[in-house]
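Sequence positions, counted from 1, serve as the residue numbers for this chain.
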Amino acid sequence: MTLKTALLTTAAMTLALPAGAESFNRIASFPVAQNLPEGIEPTQPTSAEIIDVSGDGMTLIYTDSPAGLVGMIDITDPAAPAPKGALDMGGEPTSVAVMDMSAFVGVNTSKSFTDPSGHLALIDMATGQEDDGVRCDLGGQPDSVAVAPDGSVVAIAIENERDEDLGDGRVGQMPAGYLSIVPLKDGMPDCDGQIRVDLTGLAEVGGDDPEPEFVDINDAGEIVVSLQENNHMVVVSSEGEILSDFSAGAVDLNGIDTTEDDALIFDESQTGRVREPDAVKWIDDDHFATANEGDMDGGSRGWTIFHKDGTVVYDSGTSFEHAIIEIGHYPEGRSENKGVEPESIETATFGDTPMVFVGSERASVVGVYDVTDPSAPVLSQLLPSGIGPEGYVAIPERNLLVSANENDLIEDGGARAHVMLFEYQDAEPTYPMLTSAGADELIGWGAISGMVADEDGTIYAVNDSFYAGQPTIFVIDPAQTPARITRAIRVTRDGAPAAHMDMEGITLDGDGGFWIANEGRTDRDIPHALYHVSAEGEITEEVTIPEELAQHEVRFGFEGVTMLDGALWMAVQREWGDDPENTVKLVAYTPETGEWGAVRYEKAAAQTGWVGLSEISAQGDWVYVVERDNQLGEAAKVKKVYRIAAADMQAAPLGSDLPVVVKEEVRDLIPDLTATGGYVLDKVEGLAVMSDGEIWVATDNDGVDDHSGETMFFSIGRADD
């Protein structure tokens with residue numbers, strides 16, 4: 001059975017994709033570490049920041065500032081992107097813009113904040129080599145680069161960024177930034193004809209120290225510049241004349257989370273929140289869109305369309321963030337800062353539809369908007385990007401959208417920096433697979449762990465300790481596409497959010513309530529325990545593990561719980577002190593008698609990292625378990641569903657010679673985990689088996705903390721089909 005496809009709607013904004021309509025779906029992911037030159041360790045951190053495409057649409061070029069490289073990717077077959085090499089730029093490449101086969105790269109060579117320098121380089125994408133005879137001295141530190149649609153000029157934002165460790169990180173640190181305009185003659189930069197446009201004295205905030213952040217040029221040759229730290233916008237002619245300038249303004253935000261308390265509670269407000277835009281892109285010759293990331297004082301968690309005269313035509317307010325909340329991508333760890341932090345903007349027309357693509361840096365999502373009417377954009381999709389999307393390029397001639405994602409988590413054992421490709425298809429969206437859109441209230445969610453199915457087809461799921469301030473049971477309707485979280489049941493103790501919880505498993509008690517398995521960490525006062533929970537979420541009973549287990553405790557405890565013939569069975573994730581290598585216990589507890597027992601389960605040996613169990617679910621004559629390694633991407637080898645005959649689950653007393661159960665492979669999940677064009681996610685943590693034998697699988701997105709935020713929630717059909 002193929003993965004369930006999804007049609008996203010949100011309570012905040014109705015999505016405009018009727019069944020069968022065209023939509024974007026991810027078709028490939030490219031880890032940019034594959035482009036590292038010979039002699040550079042493959043474990044070196046990499047990045048994909050600003051990205052563009054050759055005139056023929058066949059080669060991508062991106063900046064990798066940590067490595068000092070500009071890399072290229074062959075997308076002749078966009079579903080199979082291939083490395084095409086990288087160039088050492090002799091400095092920090094900050095941005096790239098392409099005209100035909102010429103790539104103009106801003107290179108930062110600054111020695112210090114007070115002695116900024118940089119140049120404009122030219123790369124021939126046909127040969128993959130830099131033109132050594134063309135290096136325009138820009139006189140300062142370049143940031144964004146844009147080339148005019150008619151090939152007449154290149155515009156460069158010379159930011160001359162401030163030292164955030166000085167003066168409380170405020171603007172007012174010299175030298176001031178400016179706009180550089182370099183004429184092009186027969187496609188070559190005329191360095192001597194460079195125009196440096198003074199932008200001082202315009203902004204009310206730090207007017208003596210403008211810090212241009214991003215530039216774009218429309219068909220009329222007008223250059224729009226965002227001064228992010230100054231909360232100001234400027235429109236300049238290609239000859240260097242300032243045509244208009246205005247404050248980016250402020251918004252009032254209601255229904256947001258501004259407290260980092262390990263809970264998703266959206267009942268707070270911010271008034272007069274300045275936008276402080278980062279990326280800016282023209283939609284047409286009169287309108288441009290900004291991503292309001294924020295810096296010193298602001299960040300409005302959304303995006304805005306301005307008329308070039310300064311009129312606000314549209315502002316998303318909290319609707320963009322609310323839509324992200326509903327698909328489980330909200331970064332709780334950024335609540336006290338700027339929430340989802342929209343940073344990137346791309347615009348293009350696909351078919352007859354003008355679109356704006358808004359990238360959220362912290363949620364790792366791109367929103368797709370129909371801006372046929374710039375005063376009333378319609379959110380049509382939310383696409384899963386890699387971690388920390390920094391730049392996008394649309395290629396409508398090939399029905400492609402590409403994201404560049406800057407975060408490389410190799411030092412923490414996480415995902416590498418990726419470039420991801422999306423195709424505009426005559427198909428329904430494949431993402432999201434799970435949403436809370438349409439619920440009676442705004443429900444934030446993430447870190448889905450254990451799951452269980454009810455006889456009526458409802459699935460219940462729990463979040464884990466990432467949301468320690470808000471342990472929750474989510475009620476899911478998998479019959480909808482995408483599957484819907486319809487209700488959130490808060491787990492409480494004496495009416496307050498239950499503390500010391502790391503819920504990793506849930507099962508039904510047969511009387512309308514639940515049993516929850518808690519994975520303990522005694523060094524953090526989190527007990528290895530079972531909790532009996534009422535239908536309303538109140539803990540009514542706590543059962544801690546017996547001394548026969550506790551004396552052999554290690555950190556990795558219960559992962560999943562299920563009910564079989566009146567006994568609760570828990571999968572222990574990894575070996576405890578009394579387990580032979582590559583074996584773990586399936587532990588039984590009988591509530592009626594208080595008896596404990598166990599069987600032994602043989603798991604695969606890890607090639608890298610570790611292998612363990614992460615879920616258990618009984619249905620009919622079988623008990624199903626998830627066995628996985630802790631690896632992702634190409635390093636992932638073990639992501640499997642196994643089953644054990646229920647008749648073999650005969651617990652022996654703890655401390656005795658435990659019987660070893662026989663397992664039978666049901667499904668290798670790696671093909672499922674790559675079916676949407678992404679890399680293999682590491683945490684397959686949820687498994688629910690319906691009464692008819694259909695099996696649902698979910699991944700844990702770690703609360704969008706050093707994670708792309710993706711949650712995969714899909715059916716693999718019946719084990720016997």
Trainee: For the pair Tyr467 and Trp445, evaluate ring pair (Phe, Tyr, Trp, His ring centres under 6.0 Å) and give the outcome as yes or no after the intermediate values.
Mentor: CA-CA 9 Å; Tyr467 300 105; Trp445 59 275; 9.5 Å; no

Trainee: Hey, does the side chain of Ser316 reach the backbone of Trp303 with a donor-acceptor pair shorter than 3.5 angstrom?
Mentor: yes

Trainee: Nearest heavy-atom pair of Pro42 and Ile410: which atoms, and what distance?
Mentor: O-CD1, 4.4 Å

Trainee: Check the angle between the aromatic planes of His418 and Tyr679 and answer parallel, tilted or perpendicular using the 30° and 60° thresholds.
Mentor: tilted

Trainee: Which atom names give the shortest non-hydrogen contact between Gly140 and Pro142, and what distance separates them?
Mentor: O-CD, 3.2 Å

Trainee: Can you pull out every salt bridge (Lys or Arg N to Asp or Glu O under 4.0 Å) where at least one residue sits in residues 377-395? Sequence neighbours excluded, please.
Mentor: none

Trainee: Do you see a donor-acceptor pair shorter than 3.5 Å between the side chains of Gln228 and Glu293?
Mentor: yes

Trainee: Within a strict 4.5 Å, meaning less than it, do heavy atoms of the Met296 and Val171 side chains meet?
Mentor: yes

Trainee: Counting only N and O atoms by type, is there a donor-acceptor contact under 3.5 Å from the side chain of Asn701 to the main-chain atoms of Thr711?
Mentor: no

Trainee: Can you name the residues that form a side chain to side chain contact (heavy atoms under 4.5 Å, CB included) with Ser300, not counting sequence neighbours?
Mentor: Val251, Arg275, Asn292

Trainee: Check this for me: does any side-chain nitrogen of one of Glu710 and Arg26 sit under 4.0 Å from a carboxylate oxygen of the other?
Mentor: yes

Trainee: Please determine whether side chain to side chain contact (heavy atoms under 4.5 Å, CB included) holds for the pair Met233 and Asp245, giving the CA-CA distance in whole Å, both sets of side-chain angles, and the decisive distance to 0.1 Å.
Mentor: CA-CA 6 Å; Met233 306 299 301; Asp245 73 280; over 6 Å; no

Trainee: Taking the side chain from Asp408 and the backbone from Thr46, do they hold a donor-acceptor pair closer than 3.5 Å?
Mentor: yes

Trainee: For the pair Arg301 and Glu341, find out whether any cationic side-chain nitrogen is under 4.0 Å from an anionic carboxylate oxygen.
Mentor: no

Trainee: Closer than 3.5 angstrom, by distance alone: can the side chain of Ser110 be matched with the main-chain N or O of Asn108 as a donor-acceptor pair?
Mentor: no

Trainee: For Val704 and Tyr330, which heavy atoms make the closest approach, and how far apart are they?
Mentor: CG2-O, 3.6 Å

Trainee: Got a sec: does the CD of Gln44 have more than 12 other heavy atoms crowding it under 6.0 Å?
Mentor: yes

Trainee: Distance-only, no hydrogens or angles: does the Asn231 side chain make a donor-acceptor pair with backbone N or O of Glu204 under 3.5 Å?
Mentor: no

Trainee: With a 4.5 Å limit on heavy-atom distance, are the side chains of Leu673 and Val684 in contact?
Mentor: yes

Trainee: Classify the ring geometry of Phe306 against Phe246: parallel below 30°, tilted from 30° to 60°, perpendicular beyond 60°.
Mentor: tilted

Trainee: Would you name the heavy atoms of Met72 and Asn35 that are closest together and state the gap between them?
Mentor: O-ND2, 2.7 Å

Trainee: Is there a donor-acceptor pair under 3.5 Å between the side chain of Asp64 and the backbone N or O of Ala48?
Mentor: no

Trainee: Does Asp209 reach the main-chain N or O of Gly172 with its side chain, forming a donor-acceptor pair under 3.5 Å?
Mentor: yes

Trainee: Is there a side-chain contact between Ile73 and Pro83 in this structure, where contact means two heavy atoms from C-beta onward sitting under 4.5 Å apart?
Mentor: no

Trainee: Please tell me whether Ser449 and Asp700 have a donor and an acceptor in their side chains that are separated by less than 3.5 angstrom.
Mentor: no

Trainee: Considering only heavy atoms from C-beta outward, does the side chain of Ser344 approach that of Tyr392 to under 4.5 Å?
Mentor: yes

Trainee: Hey, is the main chain of Thr699 close enough, under 3.5 Å, to the side chain of Glu685 for a donor-acceptor pair?
Mentor: no

Trainee: Judged by atom type as modelled, is there a donor-acceptor pair below 3.5 Å linking the side chain of Ser226 to the main-chain atoms of Asp278?
Mentor: yes

Trainee: To check you understand the geometry: which heavy-atom pair defines the closest contact between Leu382 and Gly367, and what is its length?
Mentor: CD2-CA, 3.7 Å

Trainee: Compile the donor-acceptor pairs under 3.5 Å between side chains in residues 154-163 and protein atoms, sequence neighbours left out, one pair per line.
Mentor:
{"residue": "Asn160", "atom": "OD1", "partner": "Gln141", "partner atom": "N", "Å": "2.9"}
{"residue": "Asn160", "atom": "ND2", "partner": "Ala176", "partner atom": "O", "Å": "3.0"}
{"residue": "Arg162", "atom": "NE", "partner": "Gly169", "partner atom": "O", "Å": "2.4"}
{"residue": "Arg162", "atom": "NH1", "partner": "Glu229", "partner atom": "OE2", "Å": "3.2"}
{"residue": "Arg162", "atom": "NH2", "partner": "Gly169", "partner atom": "O", "Å": "3.4"}
{"residue": "Arg162", "atom": "NH2", "partner": "Asp295", "partner atom": "OD1", "Å": "2.6"}
{"residue": "Asp163", "atom": "OD1", "partner": "Asp165", "partner atom": "N", "Å": "3.0"}

Trainee: For Leu87, give me all partners under side chain to side chain contact (heavy atoms under 4.5 Å, CB included), at least two apart in sequence or on another chain.
Mentor: Met89, Ile123, Gln129

Trainee: With the side chain counted from C-beta on, respond yes when Phe266 and Ile256 share a heavy-atom pair under 4.5 Å apart, and no when they do not.
Mentor: no

Trainee: Find out whether Val145 and Phe214 are in side-chain contact, i.e. whether some heavy atom of one side chain is under 4.5 Å from a heavy atom of the other.
Mentor: no

Trainee: When you compare the side chain of Phe320 with that of Pro342, does any pair of heavy atoms fall below 4.5 Å?
Mentor: yes

Trainee: Could you tell me if the side chain of Met433 sits less than 4.5 Å from the side chain of Thr676, heavy atoms only?
Mentor: yes

Trainee: Just jot down the salt bridge (Lys or Arg N to Asp or Glu O under 4.0 Å) partners of Glu423, sequence neighbours excluded, or say none.
Mentor: none

Trainee: Please tabulate, one pair per line, all N/O donor-acceptor pairs under 3.5 Å involving side-chain atoms of residues 354-361, not counting sequence neighbours.
Mentor:
{"residue": "Ser360", "atom": "OG", "partner": "Val340", "partner atom": "O", "Å": "2.5"}
{"residue": "Ser360", "atom": "OG", "partner": "Ala363", "partner atom": "N", "Å": "3.1"}

Trainee: Can you name the nearest heavy-atom pair linking Ser364 to His707, along with the distance?
Mentor: OG-O, 4.2 Å

Trainee: Please confirm whether the backbone N or O of Thr430 pairs with a side-chain atom of Asn25, one donor and one acceptor, at under 3.5 Å?
Mentor: yes

